[in-house]
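Comments concern the structure below.
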Amino acid sequence: MARPNEEVAALLQEYADLLSITGGDAYKVRSYERAARSVGGYHEDVSGLDLAGLKKIPNVGTSIGEKILEYFHSGKVEAIEELRARVPAGVRELTAIPTLGPKKAMLLYRELGISSVAELAHALETGRLAGLRGFGPKAVENLRHGIELLRRDGGRVLISVAMAAAEEVVAELSAVPDCTACTYAGSLRRMRDTVGDVDILAAADDSRALMETFTRLPTVAEVVAQGPTKATVRSREGLQMDLRAVPPQVWGAALQYFTGSKAHNIRTREIAGRRGLKLSEYGLFREQDDSLVVAETEQAVYEHLGLPWIPPPLREDRGEIEAALAGELPTLVTVDDIRGDLHTHTDLTDGVAPLEEMVAAARARGYQYYAVTDHARNMPMQRMTDEKMLAQRERLRELGRQGRMTLLHGTELNIGPDGSLDWDDDFLAGFDICVAAVHSHFQQSRSEMTRRLIRACENPYVTIIGHPSTRQIGRRQPVDADFDAVFAAAARTGTALEINSYPDRLDLNDELVLRARRHGVKFAIDTDAHAVVHLDYLRYGVGTAQRGWLTADEVINTWPWRRLRSFIQAKRRAAAVSR
Ligand code: DGT
Ligand code: CA
Ligand code: CA
């Protein structure tokens, strides 16, 4: 594993898991989980900090700080070693099964010696669980489902898949006569890049028609559980969906609860407690006499906790409570703020739509500017030539004269293993804008990859680094690089970093965005569209930006064209001066 912060975050998370498996104090488990998240997202390298420095990290106190120091001194932490000795690694792996909690995982190990998902699957097949306390036919069936889910992409689906399913269900349920409100909640409303299950919330005085409609939807392959106000189904695609029906008067409290995250909810409940109140999915109540304070709207719930309404993408206990208390919540960038797309393709390379169609679609969206950035010469599959590029430029200029939208001729350059690019500076100067991205040699060492990305930032013609980590969800891990060094270089050179909106990329991801913005980096939220319909992916990139706390001002494609043009030219000029 790479960066020391990530190493320590993984270690603290492991400790939290082990504590939970061995029946440790829930409060302690939570505090290690929080510390793991804080360390993982901290901007300074933790291996260089002393105890005082470590304690400046949110959620890190003396005891956790000392464990981190111990790790860097001796390469291990005694307390964690002790628990590791008691819990085989496979048991921790077992708890990743969505339908299996830590206690039952430990039971499977103790009773049957099962210490891996594969062993558990085998035990299920051969009926070894029969007669085991707590593992009746229903539980066994749940386990089977759980393993299936885990094997499909760690049990999570892309946000685009979940969103499409959720919007369909919400439309169907909203049409039920008794329904007064319906929306999706959970991780989907928080715009996480992947979703474990879809949580739908609906309000009605009488929930019967809602439940009936839900369980009979054509997309439902199986009703996993059903009660008067709750149901869980599995769709034909294998996606799990939960419906909760609530009376209209408690809509706000239920929405707040089921939006989560769990970590955020724990904080809001603590705040309620300090005010002599109790918060649940049924409302905000006075501790003394259980009388109701509010429940009808989310806004009112937050207000009575002394907080402004907090946008769902921020609700991860990553500082939003503190910011809300201080009146310092950011005004998040929205889809409506975006004035143009700066990374798109046509059928000249691997897109499926011709230039004219992509441009017409961009105009129909009301964009003020739009960049066409087909692949550059060094990607052999694409058979790009200088002549083809220049011919496309001519056609694009002609199209540009036919409307008010500013058309930019660009390219998506390939960052070579040494950080060099496809063309020399003279040819690059002919483009209005260049995106540069890594498309090969993903396995380079950390230092090579870091140097490579920094060198690309230093090229005066590179305005944007495309999909900087190169991860593909479920298929490819991010490259190993010292991202903080890359972020510093991007900020220093006036190079924007992309938030690629393509649902299996979402790159930079929320955590890297959070880290990059501390360096003063600017961002571009692009779709990397290869077809007209892909232009709609923008919402997922914006969701990721919101999870990274971005305001419109930090995103270059919310700017008017004149400001964006100055940004591009300033970098080119600075390089000319220094030469
Ligand atoms: P997912 O489905 O793994 O992508 O993530 P979520 O956040 O949608 O989680 P899920 O579906 O288990 O639960 C939906 C929301 O319900 C969650 O975000 C917060 C709330 N919730 C669920 N379980 C708990 C809990 O034990 N405590 C608290 N405070 N809230 C919970
Ligand atoms: Ca969920
Ligand atoms: Ca759920």
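Nothing fancy with the numbering, it's 1 onward along the sequence. Every number for a ligand or one of its atoms is a count from 1 in the order of the listing.
Using a 4.0 Å cut-off between charged nitrogen and carboxylate oxygen, Glu6 and Arg515 count as a salt-bridge pair. Remark: Glu281 engages Arg244 in a salt bridge, criterion side-chain N to carboxylate O under 4.0 Å. Contact check on Arg144 versus Glu141 returns a salt bridge, with a Lys/Arg side-chain nitrogen under 4.0 Å from an Asp/Glu carboxylate oxygen.
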Enumerate, atom names and distances included, each donor-acceptor pair closer than 3.5 Å involving a side-chain atom of residues 313-321, sequence neighbours excluded.
unit_1: Arg315; atom_1: NE; unit_2: Tyr302; atom_2: OH; d: 3.2
unit_1: Arg315; atom_1: NE; unit_2: Ile310; atom_2: O; d: 2.7
unit_1: Arg315; atom_1: NH1; unit_2: Glu298; atom_2: OE2; d: 2.9
unit_1: Arg315; atom_1: NH2; unit_2: Glu298; atom_2: OE1; d: 3.1
unit_1: Arg315; atom_1: NH2; unit_2: Glu298; atom_2: OE2; d: 3.4
unit_1: Arg315; atom_1: NH2; unit_2: Ile310; atom_2: O; d: 2.7
unit_1: Glu316; atom_1: OE2; unit_2: Arg190; atom_2: NE; d: 2.8
unit_1: Glu316; atom_1: OE2; unit_2: Arg547; atom_2: NH1; d: 2.9
unit_1: Glu316; atom_1: OE2; unit_2: Arg547; atom_2: NH2; d: 3.2
unit_1: Asp317; atom_1: OD1; unit_2: Arg267; atom_2: NH1; d: 2.9
unit_1: Asp317; atom_1: OD2; unit_2: Arg34; atom_2: NE; d: 3.4
unit_1: Arg318; atom_1: NH2; unit_2: Asp510; atom_2: OD2; d: 3.1
unit_1: Arg318; atom_1: NH2; unit_2: Arg547; atom_2: O; d: 3.4
unit_1: Glu320; atom_1: OE1; unit_2: Asp317; atom_2: N; d: 3.1
unit_1: Glu320; atom_1: OE1; unit_2: Arg318; atom_2: N; d: 2.8
unit_1: Glu320; atom_1: OE2; unit_2: His264; atom_2: ND1; d: 2.8
unit_1: Glu320; atom_1: OE2; unit_2: Glu316; atom_2: N; d: 3.2
unit_1: Glu320; atom_1: OE2; unit_2: Asp317; atom_2: N; d: 2.6

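A cation-pi arrangement is found for Arg476 relative to Phe442, the charged atom lying closer than 6.0 Å to the ring centre and inside a 45° cone about the ring normal.
Only protein N, O or S atoms were scored, and 3 of them lie under 3.0 Å from the Ca ion (ligand 2).
Residue Asn509 holds its CG atom at 9.0 Å from CG of Leu514, rounded to the nearest 0.5 Å.
For Asp197, there are no salt bridge (charged side-chain N to carboxylate O under 4.0 Å, His left out) partners, not counting sequence neighbours.
Among the candidates Asn500, Asp536, Asp341, the single residue satisfying the side chain to side chain donor-acceptor pair (under 3.5 Å) test with Thr527 is Asp341.
With hydrogens and angles left out, the side-chain atoms of Asp553 and Thr551 include no donor and acceptor closer than 3.5 Å.
Protein residues are said to neighbour a ligand when one of their heavy atoms lies under 4.0 Å from it; for ligand 1 these are Arg156, Gly186, Ser187, Arg190, Val195, Gly196, Asp197, Asp199, Tyr257, Phe258, Thr259, Gly260, Ser261, Lys262, Asn265, Arg269.
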